[in-house]
Novice: 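One structure, pasted below without further comment.
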Amino acid sequence: MKNIKDFDLKDLEEEFEKIGEKKYRAAQVFHWLYIDKVKSFDEMTNLSLELREKLKENYTICNYKILRKQESSDGTKKYLFDVLDGNAIETVLMQYHHGKTVCVSTQIGCKMGCKFCASTGIKFIRNLTPGEIVEQILAVEQDIGDKISNVVYMGIGEPLDNYDNVIKSIRILNNQKGLNIGARHISVSTSGIVPRIYDLANENIQCTLSISLHATTDEKRSKMMPVNNRYNISQLLKACKDYIKITNRRISFEYALAKDNNDNLDDAKELVKLLKGMLCHVNLIPINKIENGIFVKSTNENIMKFRDYLNENGIVATIRRELGSDIEAACGQLRRKNLDNN
Ligand code: SAH
């Protein structure tokens with residue numbers, strides 16, 4: 001059976017027409033799902049009993065069960081959700097002054113193989129559907145009894161390797177008749193799948209694109225991120241420049257600082273050369289420890305020097321706050337889980 005949350009509003013309208021129902025019924029169902037946030041078709045009381053039965057027979061409403069919830073001393077929460085097929089995914093809630101941000105997973109496992117990230121390496125199982133991505137936000141909202149203002153596609157998985165489902169999920173989040181989260185409050189992070197960056201540029205969605213750059217030479221980047229063997233730094237930066245030209249939007253570059261690897265001033269100099277003149281921002285991430293990881297976090301001194309060098313040379317750079325590392329909820333620490341081994 002199809003999950004009703006896998007449809008964006010346009011698809012749901014088409015689906016309803018296909019099953020011989022009036023198009024406006026789709027907006028009513030959307031309202032129940034994303035504004036009233038009901039859990040069953042029975043609660044959709046402005047639909048006829050007959051239609052409710054028809055929906056029950058043909059569609060499911062995916063509602064996640066929380067398998068585990070951990071809370072960090074900084075208020076960050078990490079959820080383990082049962083995705084109802086024997087697999088489990090992790091989702092993180094971060095609380096900032098400006099609102100609440102959910103970090104969603106997009107795949108069960110990840111194929112990218114980045115050497116510093118715990119989400120990869122374990123077997124890739126499958127893509128999450130649009131509804132399974134959106135449900136992470138609904139389930140967190142229900143748990144905390146509050147609205148989520150920002151969503152970052154930075155959990156387990158490579159969002160642009162699950163492109164269609166990710167785009168559909170953004171359309172559901174973004175729809176004013178749905179969760180109504182502004183595109184400017186949505187960030188998508190990619191390890192650098194160049195053709196999909198062009199696709200995204202042409203979607204006409206005003207979300208923020210984050211690029212995991214992490215190194216300034218192909219030799220170094222390929223050692224950290226195998227995707228660089230497929231799309232190298234110059235192809236990646238060309239795509240970024242084209243993205244900016246097409247969308248007029250600023251790109252955010254992520255750069256995880258690892259001691260004696262990519263954190264000295266020569267690296268900072270190279271980074272300035274690469275990014276000079278681009279409409280961009282650099283987000284420096286002190287690299288987080290993972291099990292069997294070979295990379296060690298840079299010293300605070302080096303991190304600040306690196307940031308200052310960028311700022312003094314015309315590249316706006318900030319250091320990402322480390323949230324949730326005591327519960328392994330920080331960048332790169334999420335892992336695919338299965339139910340007997342969580
Ligand atoms: N697959 C997407 C989303 C990943 S998570 C991507 O690659 O962009 C978001 C960020 O955390 C990425 O920039 C990722 O490279 C970074 N990251 C992964 N592992 C990390 C670690 N151990 N420490 C710090 N950042 C890490």
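Predicted model only: the values in this text are computed from it and were never measured. Start at 1 with the first residue, then count along the sequence. Just the heavy atoms: all of them, side chains too, but no hydrogens, waters or symmetry mates, feed the values below. Remember, it's 1-based here, ligands and their atoms both numbered in the order they're listed.
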Novice: Need the ligand 1 atom indices (1-based, order shown) with element for anything under 4.0 Å from a heavy-atom of Ser191.
Specialist: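 Within the 4.0 Å cut-off of Ser191, ligand 1 contributes 6 (C), 7 (O), 8 (O).
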
Novice: Just let me know how Ile285 lines up against ligand 1, side chain, backbone, both or neither, with a heavy-atom cut-off below 4.0 Å.
Specialist: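 Side chain only; the backbone of Ile285 stays clear of ligand 1.
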
Novice: What is the nearest protein non-hydrogen atom to atom 11 (O) of ligand 1, stated with its residue, atom name and distance?
Specialist: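 Result for atom 11 (O) of ligand 1: Cys331 CB, 3.5 Å.
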
Novice: Does the Lys NZ or Arg CZ of Lys2 fall within the cation-pi geometry relative to Tyr59 - under 6.0 Å from the ring centre and within 45° of the axis?
Specialist: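 Not satisfied by the 6.0 Å and 45° rule.
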
Novice: I'd like to check Glu254 versus Ile211 (side-chain heavy atoms, cut-off strictly below 4.5 Å). Are they in contact?
Specialist: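 When only atoms from C-beta onward are counted, Ile211 and Glu254 do not touch, as no gap falls below 4.5 Å.
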
Novice: Could you pull out all residues at least two apart from Asp11 that satisfy side-chain contact (heavy atoms from CB on, under 4.5 Å)?
Specialist: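 Phe7, Asp8, Glu14, Lys168.
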
Novice: Based purely on interatomic distance, does Gly157 place a nitrogen or oxygen under 3.5 Å from a nitrogen or oxygen of ligand 1?
Specialist: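 Yes, at least one N or O pair falls under 3.5 Å.
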
Novice: So which heavy atom in the protein is nearest atom 2 (C) of ligand 1, and how far is it from that ligand atom?
Specialist: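 Here the closest protein heavy atom is Ser189 O, 3.4 Å.
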
Novice: Hey, is Lys289 touching ligand 1 through its side chain, its backbone, both or neither, going by heavy atoms under 4.0 Å?
Specialist: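 No part of Lys289 is near ligand 1 at this cut-off.
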
Novice: Could you list the donor-acceptor pairs under 3.5 angstrom formed by side chains in residues 93-100, with sequence neighbours left out?
Specialist:
{"from": "Gln95", "atom 1": "NE2", "to": "Gly75", "atom 2": "O", "distance (Å)": "3.2"}
{"from": "Lys100", "atom 1": "NZ", "to": "Asp146", "atom 2": "OD2", "distance (Å)": "3.2"}

Novice: Has Glu135 got a side-chain atom pairing as donor or acceptor with Tyr64's backbone, closer than 3.5 angstrom?
Specialist: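 Yes.
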
Novice: Tell me: protein heavy atom nearest atom 5 (S) of ligand 1, and distance?
Specialist: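 Closest protein heavy atom to atom 5 (S) of ligand 1: Met154 O, 3.1 Å.
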
Novice: Any idea which protein heavy atom is nearest atom 19 (N) of ligand 1, and the distance to it?
Specialist: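 For this ligand atom, the closest protein heavy atom is Gly332 CA, 3.0 Å.
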
Novice: Is there at least one pair of N or O atoms, one from Phe116 and one from ligand 1, spaced under 3.5 Å apart?
Specialist: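 Min N/O separation from ligand 1 is below 3.5 Å for Phe116.
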
Novice: Provide, to 0.1 Å, the distance between atom 23 (N) of ligand 1 and the closest protein heavy atom, together with that atom's residue and name.
Specialist: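 Minimum-distance protein heavy atom for atom 23 (N) of ligand 1 reads Asn288 N, 2.8 Å.
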
Novice: Taking 4.0 angstrom as the limit and counting only heavy atoms of His214, give me the atoms of ligand 1 inside it, by number and element.
Specialist: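 Answer for ligand 1: 13 (O), 14 (C), 15 (O).
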
Novice: With a cutoff of 4.0 Å, is Met225 in contact with ligand 1, counting heavy atoms of the residue only?
Specialist: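 Heavy atoms of Met225 never come under 4.0 Å of ligand 1.
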
Novice: Between Glu301 and Lys305, does at least one N-O distance fall below 4.0 Å, as a salt bridge requires?
Specialist: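 So Glu301 pairs with Lys305 through a salt bridge.
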
Novice: Between ligand 1 and Ser212, is the shortest N or O to N or O distance under 3.5 Å?
Specialist: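 It does: an N or O of Ser212 is found under 3.5 Å from an N or O of ligand 1.
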
Novice: Could you say whether the N/O atoms of Arg320 and ligand 1 ever approach to under 3.5 Å?
Specialist: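 No, no N or O pair falls under 3.5 Å.
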
Novice: With no hydrogens and no angle check, do the side chains of Thr106 and Glu158 hold a donor and an acceptor under 3.5 Å apart?
Specialist: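 Not at all, the side chains of Thr106 and Glu158 share no donor-acceptor pair under 3.5 Å.
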
Novice: Taking Lys39 first and then Glu43, would you say they form a salt bridge - that is, a charged N and a carboxylate O separated by under 4.0 Å?
Specialist: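 Here Lys39 does not pair with Glu43 in a salt bridge, since their nearest N and O are not under 4.0 Å apart.
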
Novice: Counting only heavy atoms closer than 4.0 Å, does ligand 1 sit against the backbone of Thr190, its side chain, both, or neither?
Specialist: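 Contact part for Thr190 vs ligand 1: backbone (N, CA, C, O).
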
Novice: Can any side-chain N or O of Glu141 pair as donor or acceptor with the backbone N or O of Ile148 at less than 3.5 Å?
Specialist: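 Yes, the answer is positive, given that a donor and an acceptor are paired below the 3.5 Å cut-off.
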
Novice: What atoms of ligand 1 come closer than 4.0 angstrom to any heavy atom of Cys117?
Specialist: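 Listed by number with element: 18 (C), 19 (N).
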
Novice: Answer yes if the side chains of His31 and Asp36 hold a donor-acceptor pair under 3.5 Å, and no otherwise.
Specialist: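 His31 vs Asp36: donor-acceptor pair found between side chains.
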
Novice: Within a distance under 4.0 Å of any heavy atom of Glu254, pick out the atoms of ligand 1 and give their elements.
Specialist: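 Answer, ordered by atom number: 9 (C), 10 (C), 12 (C), 13 (O).
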
Novice: Could Asp143 and Lys69 be called an ion pair, given the rule that one side-chain N must be under 4.0 Å from one carboxylate O?
Specialist: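 The answer is yes: the pair qualifies as a salt bridge.
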
Novice: Of all the atoms in ligand 1, which lie at a distance below 4.0 Å from a heavy atom belonging to Glu158?
Specialist: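 This gives 1 (N), 2 (C), 6 (C), 7 (O) as the contact atoms.
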
